[in-house]
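Since the structure comes first, as structure tokens, the remarks are kept for the end.
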Amino acid sequence: MQQLPTKSEIDYKSETYKDAYSRINAIVIEGEQQAYENYIRLAELLPGHQEELIKLSKMENRHKKGFESCGRNLEVAPDMQFAKEFFAQLHDNFQKAASEGKVVTCLLIQSLIIECFAIAAYHIYIPVADEYARKITENVVKDEYSHLNFGEVWLKEHFTESQAELEAANRQNLPLVWKMLNQVEEDARTLVMEKDALVEDFMIQYGEALSNIGFTTRDIMRMSAYGLTA
Ligand code: Y39
Ligand code: FE
Ligand code: FE
Ligand code: FE
């Protein structure tokens with residue numbers, strides 16, 4: 001097993017680091033942009049929660065600006081084309097569900113899967129980030145918990161009638177997360193973020209969320225197994 005560099009050994013200005021950062025930073029910027037749009041869409045689908053959802057969308061827009069400034073600080077140009085392709089399938093699935101009025105699927109994709117992905121990535125990034133990005137990411141991760149909480153509370157309140165749709169949406173979308181992680185495994189490693197740690201943190205957040213919504217341990221085991229080999 002290869003020894004990872006410790007934080008004091010990371011050269012944030014090296015071409016190798018900056019090249020990997022151009023893709024990871026772009027993914028985060030594009031993710032925040034899509035999260036901004038997704039919460040606006042959810043506000044249309046859930047008019048009773050419009051004010052709160054618009055508030056969440058504005059937070060996502062601030063996150064995007066924060067991460068853009070992290071790229072500028074390291075003099076890295078984010079590869080937005082790569083990031084758009086990275087999110088394409090998850091994005092299409094959200095758009096399609098929204099057009100069919102499937103709010104449960106939309107919430108699973110944005111408020112559970114994408115938020116847990118963000119929380120895991122930011123957790124693993126914070127200890128190895130440059131000082132500028134660390135401060136920004138620490139503030140962002142606090143917000144992401146409130147976004148995850150919105151999805152958990154709504155889905156818990158509507159659990160009985162949502163359960164079947166949640167299982168189908170999980171089956172369709174969880175494998176995409178593993179595919180996405182595999183695509184950036186190398187770049188994440190250059191940033192000293194290990195794939196195993198990302199997977200572990202994601203599964204903890206996601207399993208906890210499913211439990212809070214009302215799924216049994218047995219359900220969670222079954223649902224978590226989808227696409228692990230993707
Ligand atoms: O709700 C949010 O703010 C989520 C959109 C942001 C997604 C960030 C996705 C991070 C994936 C990074 C993968 C690094 C290995
Ligand atoms: Fe965000
Ligand atoms: Fe979020
Ligand atoms: Fe409601």
Side-chain angles (χ1 to χ4, degrees), residues 28-67 84 87-123 139-177 180 202-217 219-220 222-224 226:
V28 171
I29 292 167
E30 177 64 20
E32 297 292 355
Q33 172 64 31
Q34 288 188 18
Y36 164 73
E37 292 167 17
N38 290 350
Y39 281 111
I40 291 175
R41 195 74 180 88
L42 278 161
E44 294 164 4
L45 294 167
L46 292 171
H49 298 266
Q50 189 155 16
E51 211 179 309
E52 192 176 358
L53 286 161
I54 293 300
K55 220 173 70 191
L56 301 192
S57 82
K58 288 182 177 155
M59 292 160 99
E60 303 295 20
N61 199 40
R62 276 199 299 277
H63 298 169
K64 178 188 159 185
K65 291 188 175 133
F67 289 122
K84 284 197 169 63
F87 275 107
Q89 282 182 286
L90 215 46
H91 183 66
D92 284 354
N93 289 351
F94 183 95
Q95 298 288 108
K96 183 163 185 291
S99 72
E100 293 168 356
K102 292 172 108 175
V103 66
V104 170
T105 300
C106 290
L107 283 172
L108 178 118
I109 293 174
Q110 175 59 49
S111 296
L112 302 190
I113 287 188
I114 298 181
E115 297 296 351
C116 288
F117 196 19
I119 290 169
Y122 300 160
H123 272 163
N139 284 313
V140 167
V141 79
K142 291 178 203 152
D143 289 348
E144 306 302 2
Y145 276 109
S146 72
H147 305 171
L148 172 59
N149 187 255
F150 177 89
E152 285 177 353
V153 169
W154 194 94
L155 290 166
K156 182 188 166 86
E157 276 172 13
H158 303 82
F159 182 64
T160 312
E161 66 273 28
S162 302
Q163 192 169 0
E165 189 179 326
L166 281 170
E167 297 217 16
N170 173 77
R171 184 190 289 246
Q172 184 192 32
N173 292 287
L174 193 58
L176 297 179
V177 173
M180 291 160 83
F202 175 86
M203 281 323 305
I204 291 169
Q205 309 300 329
Y206 191 60
E208 247 176 47
L210 294 177
S211 166
N212 291 339
I213 289 166
F215 284 103
T216 65
T217 304
D219 293 331
I220 295 167
R222 191 171 37 76
M223 290 170 76
S224 300
Y226 281 110

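Below 30°, between 30° and 60°, or above 60°: for Phe67 and Tyr122 the angle between ring planes is between 30° and 60°, a tilted geometry.
Here the side chains of Leu56 and Leu42 are not in contact, with every heavy-atom distance at 4.5 Å or above. In this structure the side chain of Glu37 reaches within 4.5 angstrom of the side chain of His91, judged on heavy atoms. Glu152 has its side chain within reach of Asn149: a pair of non-hydrogen atoms, C-beta onward, lies under 4.5 Å apart. When side chains are defined from C-beta on, Gln205 counts as touching Tyr145, because their heavy atoms get closer than 4.5 Å. In this structure, Val177 and Tyr226 have side chains that are not in contact, with every pair of non-hydrogen atoms separated by 4.5 Å or more. Residues Met180 and Phe117 are in side-chain contact: their nearest non-hydrogen atoms beyond the backbone lie under 4.5 Å apart. Residues Phe94 and Ile114 have side chains not in contact (no heavy-atom distance under 4.5 Å, counting atoms from C-beta outward). Counting heavy atoms from C-beta on, the side chains of Leu112 and Ile213 come closer than 4.5 Å.
Side chains of Asp219 and Thr216: a donor on one and an acceptor on the other come within 3.5 Å. No side-chain N or O of Tyr39 forms a donor-acceptor pair with one of Asn61 less than 3.5 Å apart.
The heavy-atom pair separating Gly151 from Ser111 by the smallest distance is CA-CB, 3.7 Å. The shortest non-hydrogen separation linking Tyr36 to Ser57 is CD1-O, 3.1 Å. In plain terms, the two heavy atoms of Thr105 and Ala97 that are nearest each other are CG2-CB, 3.7 Å.
The CG atom of Leu45 sits 10.5 Å away from atom CD of Gln50, with the distance rounded to the nearest 0.5 Å. To the nearest 0.5 Å, atoms CZ (Phe159) and CG (Leu166) are separated by 7.0 Å. Between atom CD of residue Glu144 and atom CD1 of residue Ile119 there is a gap of 6.5 Å, rounded to the nearest 0.5 Å. We find the NE2-CE distance between His147 and Met59 to be 4.0 Å, quoted to the nearest 0.5 Å. The distance from atom CG of Leu155 to atom CG of Leu107, rounded to the nearest 0.5 Å, is 5.0 Å.
One finds no salt bridge joining Glu52 and Lys55 here, because no Lys/Arg side-chain nitrogen approaches an Asp/Glu carboxylate oxygen to under 4.0 Å.
No donor-acceptor pair closer than 3.5 Å links the side chain of Asn212 to the backbone N or O of Ala209. Listed for the Glu167 side chain is no donor-acceptor partner under 3.5 Å among the backbone atoms of Met223.
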After noting the C-alpha distance and the side-chain angles of Lys96 and Glu100, does the key distance pass the salt bridge (charged side-chain N to carboxylate O under 4.0 Å, His left out) rule? CA-CA 6 Å; Lys96 183 163 185 291; Glu100 293 168 356; 3.0 Å; yes
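Taking a 6.0 Å sphere around CZ of Arg171, one finds it holds 12 or fewer heavy atoms contributed by other residues, nucleotides or ligands.
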